Protein chains: 2
Amino acid sequence: MKKSPTLVDVAKLANTSKATAARVFSRSKSANVRQETKARILEAADKLGYSPNLSAASLRSKKTYLIALCIHDITNPSSPSLIRGIQDELAQHGYDLVVFNSDWDPNKEKKNLRAVVRNQLDGLILQDPSDELDVSELPDLPSVILTSNEVFSTVRNTVSTDTVGGVRKALTYLHSMGHDRIGILLGGSVSQITNRKRAYLDFYKSAGLKVEDRLIVDVPFKTRASDTFVMAKELIVDLMRSPQRPSAIFASNDMLGLAALQMAQIEGLQVPRDLSVVGMDDLFSAESASPALTSVSKHRFQVGAQAARNLLNQINSEHSMEKGPINELVECTLVVRDSSGPIAEVDV
Amino acid sequence: MKKSPTLVDVAKLANTSKATAARVFSRSKSANVRQETKARILEAADKLGYSPNLSAASLRSKKTYLIALCIHDITNPSSPSLIRGIQDELAQHGYDLVVFNSDWDPNKEKKNLRAVVRNQLDGLILQDPSDELDVSELPDLPSVILTSNEVFSTVRNTVSTDTVGGVRKALTYLHSMGHDRIGILLGGSVSQITNRKRAYLDFYKSAGLKVEDRLIVDVPFKTRASDTFVMAKELIVDLMRSPQRPSAIFASNDMLGLAALQMAQIEGLQVPRDLSVVGMDDLFSAESASPALTSVSKHRFQVGAQAARNLLNQINSEHSMEKGPINELVECTLVVRDSSGPIAEVDV
DNA sequence: ATGAAAGCGCTAACAG
DNA sequence: CTGTTAGCGCTTTCAT
């Protein structure tokens with residue numbers, strides 16, 4: 001573990017000043033160094049195995065080229081594609097990503113935020129901040145907020161997923177297939193539940209259908225996905241065994257949809273003949289299910305990429321926030337697979 | 001965006017020296033400050049909204065409290081639990097995690113490694129380094145290497161998954177259920193394929209069974225999981241339609257197992273009555289499949305946690321590597337679900 | 001228990 | 001195009 005060489009060492013060996021050597025490794029555009037000198041410096045650096053010390057650089061320049069992503073839980077199946085969308089975009093601009101989990105805990109959330117500023121990270125992407133968090137008093141750094149509904153902020157840039165529109169698309173599709181008694185499986189955070197429930201009620205109203213409370217089921221979420229899954233199945237089986245069971249089920253996320261698929265099989269219901277199932281998230285698990293699960297895609301990868309682009313723009317243009325925040329909305333798309341279809345002929 | 005307060009500002013307001021103030025925020029044990037002074041400093045800091053600048057701290061102390069994880073692809077379904085295992089362990093010790101993707105590209109891998117040293121990260125967890133990478137010339141920092149086989153290093157600490165043992169467990173189980181013609185689905189990297197194939201052949205030999213080449217199928221991996229999935233299904237259907245189809249299939253990863261499940265359903269084969277299927281990885285997709293997929297768990301979460309612990313030990317004990325590297329092996333476990341069972345009665 | 005002083009390695013003016 | 005200089009904000013001896 002011998003001390004690693006510094007810029008001075010390189011400069012000395014290359015017979016130039018520290019400053020010139022620095023320019024060769026600098027990210028800033030104005031790196032005006034003669035080819036010859038540059039070559040000499042690079043050679044010296046190579047010989048010494050020099051690597052710039054970014055701690056020192058950022059102390060001076062106030063830039064770490066590190067971005068923070070604060071999400072609830074990386075273990076959530078839809079996190080990876082979001083992250084990848086962000087990373088791919090960032091990588092193109094030489095930024096790396098630090099990922100924090102909040103586990104839906106406002107305290108951890110705050111703690112993470114503090115770590116973000118301590119570490120001098122250059123930007124922040126924050127997923128669905130908890131209500132306890134006052135967005136207006138977020139640390140003062142470029143940021144974009146990811147929300148799962150059309151919640152706009154007058155303070156910060158946002159990228160939102162039009163989940164309400166997604167629910168509508170799923171229901172519209174199911175209705176167009178002849179289903180008029182559609183069960184809905186709700187779960188997740190309070191706002192998620194209320195939003196999607198409202199979308200469901202709105203749709204029923206506008207389609208002139210009669211709402212049946214029995215068809216609306218809330219699945220309380222547990223910390224571990226497996227636990228939620230087990231719980232979901234118990235509730236779903238009730239729905240399926242009820243005398244007047246729905247001909248279709250819309251699950252507000254794929255885990256619930258998958259649970260429905262599994263219970264249908266166990267209960268001896270043929271999908272989609274006896275029951276159509278539509279999920280939401282379009283996880284790989286949906287594609288790989290048997291039968292493959294029809295699902296509403298939230299385009300997490302694109303959401304990530306868009307958020308990253310938005311953030312980089314902020315970072316690169318000093319006065320970007322002066323015209324007020326930018327609120328972007330990403331549409332959902334229905335991916336029709338084998339778990340859904342027209343309602344069966346009226347049973348004689 | 002006004003300049004944020006520094007330690008001197010805090011010290012001034014609290015009527016002490018910079019040094020004393022520093023001790024209050026320092027991580028090092030020897031923080032000997034009188035309660036009274038400490039309180040005063042904390043109060044001043046609070047009033048000013050002071051937050052330590054870690055760039056400055058690490059320039060001086062050579063510690064960033066940031067760890068690098070270099071994996072192939074975060075989008076891989078088994079990445080999240082690995083990451084979470086690492087993060088949970090690190091968080092307990094005040095470290096955060098920076099995640100890099102290599103996409104199985106040796107160039108990206110090297111590039112990431114350079115970023116690790118530039119950023120002065122305190123440690124490195126490296127997943128299955130490519131053959132092109134000479135492990136002995138990894139950057140000189142605490143590190144642990146994650147391998148998917150019992151590959152030991154005489155240079156670095158490793159945490160390995162006993163996948164070969166996992167394959168054996170799956171086959172032993174299937175054989176104990178009466179299956180003696182077991183198809184195997186291979187895929188992934190070259191070394192993964194060869195290792196698992198050898199395990200398969202070894203098992204067949206020791207069990208005194210006759211190897212049939214037709215039962216061994218290689219699924220070439222594509223970049224996108226969906227593409228691999230489609231490709232897999234085409235190859236699997238051949239296996240299922242062949243005159244002498246196997247009574248069981250062992251898939252060397254869950255994606256392949258899920259593909260088999262889906263094809264079985266499409267081909268009208270009842271699982272597990274007509275065909276038993278066992279996967280490997282124990283993804284959530286396995287649990288949520290219909291029927292739920294029996295799978296070999298590689299305990300990714302624990303692997304991550306163990307790697308993180310190993311790394312932290314190295315970091316905290318100067319001379320840890322003097323006694324030579326530590327090589328840990330994590331066993332696989334078979335999780336029996338509904339996709340596998342005894343072989344059907346001999347067909348009359 | 002506290003303070004004074006000397007940098008860590010680099011960047012950012014500014015001069016030439 | 002290149003060199004000089006002055007710190008960035010903190011940690012770390014070394015005194016007191």
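Only heavy atoms go into these numbers, but all of them, side chains included; no hydrogens, no water, no symmetry mates. It should be emphasised that the depicted structure is a prediction, and the values quoted were computed from it without experimental measurement.
For B/Ala57, the listed nucleotide lying nearest its side chain is D/dT11; candidates were D/dT11, C/dC10, D/dT2. Each of C/dT2, D/dG3, C/dT11 was ranked by its minimum atom distance to the side chain of A/Ser61; first place goes to C/dT11. Distance from the side chain of B/Val33 is smallest to C/dT2 among C/dT2, D/dC1, C/dA13. Comparing C/dA6, D/dC8, C/dC10 by their nearest atom to the side chain of A/Tyr50 picks out C/dC10. In this structure, the nucleotide among D/dT4, D/dG9, C/dT11 sitting nearest to the side chain of A/Arg60 is C/dT11.
A/Asp128 contributes a side-chain N or O that, together with a main-chain N or O of A/Ser148, makes up a donor-acceptor pair within less than 3.5 Å.
In this structure, B/Asn119 places its CG atom 15 Å from C1' of C/dG9, rounding to the nearest Å. Distance CD (A/Gln120) to C1' (C/dC10): 15 Å, rounded to an integer number of Å. The CG-C1' distance, from A/Asn15 to D/dT2, rounds to 13 Å in whole Å. Regarding B/Leu59, its CG atom lies at a distance of 12 Å from the C1' atom of D/dG7, rounded to whole Å. One can place CG of A/Leu7 at 12 Å from P of D/dG3, the figure rounded to the nearest angstrom. Distance, B/Leu54 CG to D/dC8 C1': 15 Å, rounded to whole Å. Atom CZ of B/Arg27 is separated from atom C1' of D/dC10 by 14 Å (rounded to the nearest Å). For the pair B/Asn53 CG and D/dG9 P, the computed distance is 7 Å after rounding to whole Å.
Under a 4.0 Å N-O distance rule, the pair A/Asp122/A/Lys63 does not qualify as a salt bridge.
Residue contacts shown for B/Thr16 are limited to sugar-phosphate atoms, with no base heavy atom under 4.0 Å away. Heavy atoms of A/Ser58 sit nowhere under 4.0 angstrom from any nucleic acid atom.
Nearest-nucleotide positions on DNA chain C place B/Thr37 closer to the 5' end than the other of A/Phe25 and B/Thr37. Both A/Lys18 and A/Lys38 lie close to DNA chain D; mapped to their nearest nucleotides by heavy-atom distance, the more 5′-ward contact belongs to A/Lys38.
Neither OP1 nor OP2 of D/dT2 sits under 4.0 Å from any side-chain N or O of A/Arg23. An OP1 or OP2 oxygen of D/dG3 is reached within less than 4.0 angstrom by a side-chain nitrogen or oxygen of A/Ser17.
Seen from the ring of A/Phe301, A/Arg84 does not count as a face-on cation partner, given the 6.0 Å and 45° thresholds.
Below 30°, between 30° and 60°, or above 60°: for A/His72 and A/Trp104 the angle between ring planes is below 30°, a parallel geometry.
Distance check, rounded to the nearest 0.5 Å: CG of A/Asn119 to CZ of A/Phe100 gives 6.0 Å.
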